[in-house]
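Step one of this worksheet: look at the structure below.
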Number of protein chains: 2
Amino acid sequence: MGNGTPVTNAIRRLRFERGEMTQQALADACGVTRQTVIALEAGRYAPSLELAFRIAHALEVRIEEVFQWAGES
Amino acid sequence: MGNGTPVTNAIRRLRFERGEMTQQALADACGVTRQTVIALEAGRYAPSLELAFRIAHALEVRIEEVFQWAGES
DNA sequence: AGGCGATGTCAAGTATTTTTTACCCCAACT
DNA sequence: AGTTGGGGTAAAAAATACTTGACATCGCCT
């Protein structure tokens with residue numbers, strides 16, 4: 001399936017682990033639309049670095065815990 | 001002073017701490033041009049999340065150690 | 001003096017990408 | 001039946017990351 005980005009994420013899992021946080025709530029907390037969250041959870045693209053920081057902050061985890069990169073040592 | 005990104009970085013410092021690594025060497029290690037490294041060190045814009053991962057990997061540090069976000073708790 | 005390596009600037013341009021806008025589906029209500 | 005809330009798709013729009021190339025400076029070496 002047309003997956004293009006080598007960066008995956010665990011947004012959806014963390015959202016639920018962080019107490020039933022809805023897509024809209026996360027979107028608001030990050031200052032983006034709900035569609036952005038949907039697209040990110042679907043892995044359609046990787047967010048900007050700034051948004052990555054905001055997401056990690058909203059989910060109260062480090063960036064590396066939300067986003068994984070296919071290219072570790 | 002036209003700084004537009006709220007994300008700063010410590011690429012230049014880490015480059016030297018990691019043993020006199022040149023801009024070109026870092027660029028090669030990350031698969032980008034030297035101009036990109038220059039622009040990043042000058043703080044002209046924030047890299048993509050994927051490039052941020054590659055840079056952190058090349059400098060052997062965590063992303064948060066290279067890039068700082070003006071918005072921590 | 002001349003050359004080389006590392007750094008930097010400026011500018012234009014591409015082309016990729018992120019992000020938004022608009023519309024649809026389904027379940028659980030009242 | 002109608003509405004509210006959670007989730008989803010697909011398009012285009014808006015933003016910007018990245019490249020290319022040309023040129024200037026500084027320090028070091030022969």
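In what follows, every chain begins at residue 1, and chains take the letters A, B, ... in the order their sequences are listed.
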Value in whole Å for how far the [atom2] atom of [N] lies from [atom1] of [X]:
X: A:Q24; N: D:dG5; atom1: CD; atom2: P; value: 11 Å
X: A:E50; N: D:dA15; atom1: CD; atom2: P; value: 14 Å
X: B:R54; N: D:dA17; atom1: CZ; atom2: C1'; value: 12 Å
X: A:L49; N: C:dT16; atom1: CG; atom2: P; value: 22 Å
X: A:L40; N: D:dG7; atom1: CG; atom2: P; value: 15 Å
X: A:L26; N: D:dG8; atom1: CG; atom2: P; value: 13 Å
X: A:I38; N: D:dA11; atom1: CD1; atom2: C1'; value: 15 Å
X: A:R44; N: D:dA10; atom1: CZ; atom2: P; value: 8 Å

> So what does B:T22 touch, heavy atoms closer than 4.0 Å: a base, only the sugar-phosphate, or nothing?
Replying inline: sugar-phosphate
> What does A:A39 touch in the nucleic acid at a heavy-atom separation under 4.0 angstrom: a base, only the sugar-phosphate, or nothing?
Replying inline: nothing
> Does OP1 or OP2 of C:dT20 have a side-chain N or O of A:T33 closer than 4.0 Å?
Replying inline: yes
>> Between A:R15 and D:dG7, is there a contact of a side-chain N or O with OP1 or OP2 at under 4.0 Å?
In response: yes
> Mind checking whether A:W69 and B:H57 have parallel, tilted or perpendicular rings, split at 30° and 60°?
Replying inline: perpendicular
[X] side chain: which of [options] is closest?
X: A:Q23; options: D:dG8, D:dC18, C:dT19; value: D:dG8
X: A:S48; options: D:dG6, C:dG8, C:dT19; value: C:dT19
X: A:R12; options: C:dT21, D:dT19, D:dG7; value: D:dG7
X: A:Y45; options: D:dT19, C:dG8, C:dT18; value: C:dT18

> Is there a donor and acceptor pair, one atom on the side chain of A:R34 and one on the base of D:dG5, closer than 3.5 Å?
Replying inline: no
>> Regarding D:dG8, can its base be found pairing with the side chain of A:Q35 as donor and acceptor, where the two atoms are less than 3.5 Å apart?
In response: yes
>> Between B:F67 and A:I63, does the side chain to side chain contact (heavy atoms under 4.5 Å, CB included) criterion hold? Intermediate values first, please.
In response: CA-CA 11 Å; B:F67 301 95; A:I63 282 197; over 6 Å; no
>> Working note: A:I11 + A:L26, criterion side chain to side chain contact (heavy atoms under 4.5 Å, CB included); need CA distance, chi angles, decisive distance, verdict.
In response: CA-CA 10 Å; A:I11 295 180; A:L26 176 59; 3.6 Å; yes
> Is there side-chain contact between A:L40 and A:Y45, with at least one heavy-atom pair below 4.5 Å?
Replying inline: yes
> Yes or no on side chain to side chain contact (heavy atoms under 4.5 Å, CB included) for B:L59 and B:M21, after CA distance, side-chain angles and deciding distance?
Replying inline: CA-CA 9 Å; B:L59 295 173; B:M21 184 180 228; 4.1 Å; yes
